[in-house]
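Just below is one structure, and these are the notes that go with it.
In what follows, chains are A, B, ... by sequence order, proteins preceding strands, each numbered from 1.
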Number of protein chains: 2
Amino acid sequence: MMKALVNKKSSEQASETEISVNHQKLIDATIETIAKRGLADTTIAHVAKRAKVSQGYANFRFKSKDNLLISSLQYLSDEYKKSWQKIFEEKNIDPIDRIIRIIQNDFSSKIANRNKISVWIAFYSEVKFRPSYLAICQRQDEIYSQQMEKLVSEINNIANQKEFTPKEVSETYHSMVDGLWQRILFDPKIYTNEFCKNLVLKYFKSIYVNEDRFA
Amino acid sequence: MMKALVNKKSSEQASETEISVNHQKLIDATIETIAKRGLADTTIAHVAKRAKVSQGYANFRFKSKDNLLISSLQYLSDEYKKSWQKIFEEKNIDPIDRIIRIIQNDFSSKIANRNKISVWIAFYSEVKFRPSYLAICQRQDEIYSQQMEKLVSEINNIANQKEFTPKEVSETYHSMVDGLWQRILFDPKIYTNEFCKNLVLKYFKSIYVNEDRFA
DNA sequence: TTTTGTATTGAATAATCATTCAATTTTTAT
DNA sequence: ATAAAAATTGAATGATTATTCAATACAAAA
């Protein structure tokens, strides 16, 4: 059976970014298991079975369950970050179109689906007791907020909007997203991605009254 | 040692609402333990110790750990409900003052503190896997939303506001509250109760432009 | 092919924890 | 005061689970 490193050029050292298939298989399996069974019921045995490796290997590969969970959260965080980072960087696109893309991304089915959300909230629920979880979440939030404020600031200038500061708009948006994600988990029949997205657009419409693209 | 029922009139049957001291002691201890250690690390032994009863008794009294957790969530939910129910019912108070009281309540230190929030989120994180948790949370949300929409509807009439429907305003507020609670957990230095409350007031200011009380 | 090093297995271990229940204490009724 | 009933204890049980590690499979080198 072939269960070794991938991309490993023969006789050459693996680069630092090269990671074994099993590493990623285990992270995927962890996220899937949390989504399917909840964090409380996520055991190394379940994860290993889903990743199709032995239980002993899963532990060996990540040194501990704790470490596997942290790596999975980090992966989730990186994945999300990649999705918005590139939108913020599209400097040639109009700021308002850019923020609309951010909103679309935050409520795309790839990001805002019950499985992903339940995993996020599972980690959130432990944030108070695990400094490493907190650090990952805080870092993520900080960069997102920073970029968001900058973007809102541009829009405020264009729209000549002075009543609401970039920080206020950014924080309000951010909290709405978190809250709506939670509600998607509770009642996906009512809180469809479309519903949530429109609610947020409507919020922006209340701030930028003359801007039709939010309607 | 005196460890029996309270309020029990001699020779009379205990009324249905009469509940033993130990019952409440155990629920309080459960909530405190979840707040201090997290749901994952909340064991019957820890709860019993905190409630100063034996481990065997805790289990006996609630039949199972699961049942104890459900009772604790229900208690938390009832406690919160009591805090807003009476505000919604103050029909002699101006609707805008009433909604401001709702906001003040949602960000009062009794409701929006890290301990309580962490317990809520602990339960939220299991909602997808425990129908009984989901039912309690959904019922709560439903009544709250219903009352909130009615209140917003009154305000819309007074303010002659037609752009934003009561449902939209209510949902936006509700998601903001959930999101901000989450953020209080992450970074209470930045997200003080005052900060959160003002952010929400500012949102209402954006809807009811001519109403100074939200400023 | 043989040797050597690495990857992977799976069964054993030890710790944790919910639950049970016989024994004990406390309360109530007579 | 005594007996009967109810409340409460705490130690034992059995199930679950992370972690370890000796044994095996595999890949690369010679």
Margin query: What verdict does the ring pair (Phe, Tyr, Trp, His ring centres under 6.0 Å) test give for Trp120(B) and Tyr124(A), after you've listed the backbone C-alpha separation in whole Å, the side-chain angles of each residue and the deciding distance to 0.1 Å?
Written below: CA-CA 11 Å; Trp120(B) 277 116; Tyr124(A) 287 169; over 10 Å; no
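Along DNA chain D, the nucleotide nearest Lys63(A) and the nucleotide nearest Asp41(A) are compared for position; the residue whose nucleotide lies closer to the 5' end is Asp41(A).
Side-chain proximity of Lys65(B) to the nucleotides dG10(D), dT9(C), dT19(C) is greatest for dT19(C). The listed nucleotides are dT19(C), dT9(C), dG10(D); the one nearest the side chain of Val53(A) is dT9(C). Of the candidates dC17(C), dG10(C), dT19(C), dG10(C) carries the atom nearest the Ser54(A) side chain, counting heavy atoms from C-beta on.
Scanning residues 29-39 of chain B for heavy-atom distances under 4.0 Å to DNA chain D yields an empty list.
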Determine all donor-acceptor pairs shorter than 3.5 Å in which one atom belongs to a side chain in residues 195-202 of chain A; sequence neighbours excluded.
from: Asn198(A); atom 1: ND2; to: Glu194(A); atom 2: O; distance (Å): 3.3
from: Lys202(A); atom 1: NZ; to: Glu163(B); atom 2: O; distance (Å): 3.2
from: Lys202(A); atom 1: NZ; to: Glu168(B); atom 2: OE1; distance (Å): 3.0
from: Lys202(A); atom 1: NZ; to: Glu168(B); atom 2: OE2; distance (Å): 3.1

Pairs under 3.5 angstrom only: tabulate donor-acceptor contacts from the side chains of residues 68-76 of chain A to other protein residues two or more places apart or in another chain.
from: Ser71(A); atom 1: OG; to: Asn67(A); atom 2: O; distance (Å): 2.9
from: Ser72(A); atom 1: OG; to: Leu68(A); atom 2: O; distance (Å): 2.8
from: Gln74(A); atom 1: NE2; to: Asp78(A); atom 2: OD1; distance (Å): 3.1

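Distance CZ (Phe62(B)) to P (dT19(C)): 13 Å, rounded to an integer number of Å. Between Lys25(B) atom NZ and dA7(D) atom C1' there is a gap of 13 Å when expressed in whole angstrom units. Taking atom NZ of Lys49(B) as the reference point, atom P of dG10(D) lies 13 Å away to the nearest angstrom. The CD-C1' distance, from Gln55(B) to dA12(D), rounds to 12 Å in whole Å. Atom NE2 of His46(A) is separated from atom P of dT19(D) by 16 Å (rounded to the nearest Å). Distance, Arg61(B) CZ to dC21(C) P: 19 Å, rounded to whole Å. Between Phe60(B) atom CZ and dA23(C) atom P the separation is 17 Å, expressed in whole Å. Note: OH (Tyr57(B)) to P (dT26(C)) measures 14 Å, nearest angstrom.
Under the ring-ring contact (aromatic ring centres under 6.0 Å, His included) criterion, Phe204(A) pairs with Tyr173(A), Phe214(A), sequence neighbours left out. Contacts of Gln138(A) classified as side-chain contact (heavy atoms from CB on, under 4.5 Å), with partners at least two apart in sequence or in another chain: Leu134(A), Asp187(B).
Sorted by first then second residue, the ring pair (Phe, Tyr, Trp, His ring centres under 6.0 Å) pairs that include residues 132-156 of chain B, not counting sequence neighbours, are Trp84(B)-Tyr144(B), Phe88(B)-Tyr144(B), Phe123(B)-Tyr133(B), Tyr144(B)-His174(B).
Phosphate contact (OP1/OP2 of dA18(C), side-chain N/O of Asn59(B), threshold under 4.0 Å): absent.
Across all their heavy atoms, Leu39(A) and Glu126(A) have their closest contact at CD2-CG, 4.0 Å.
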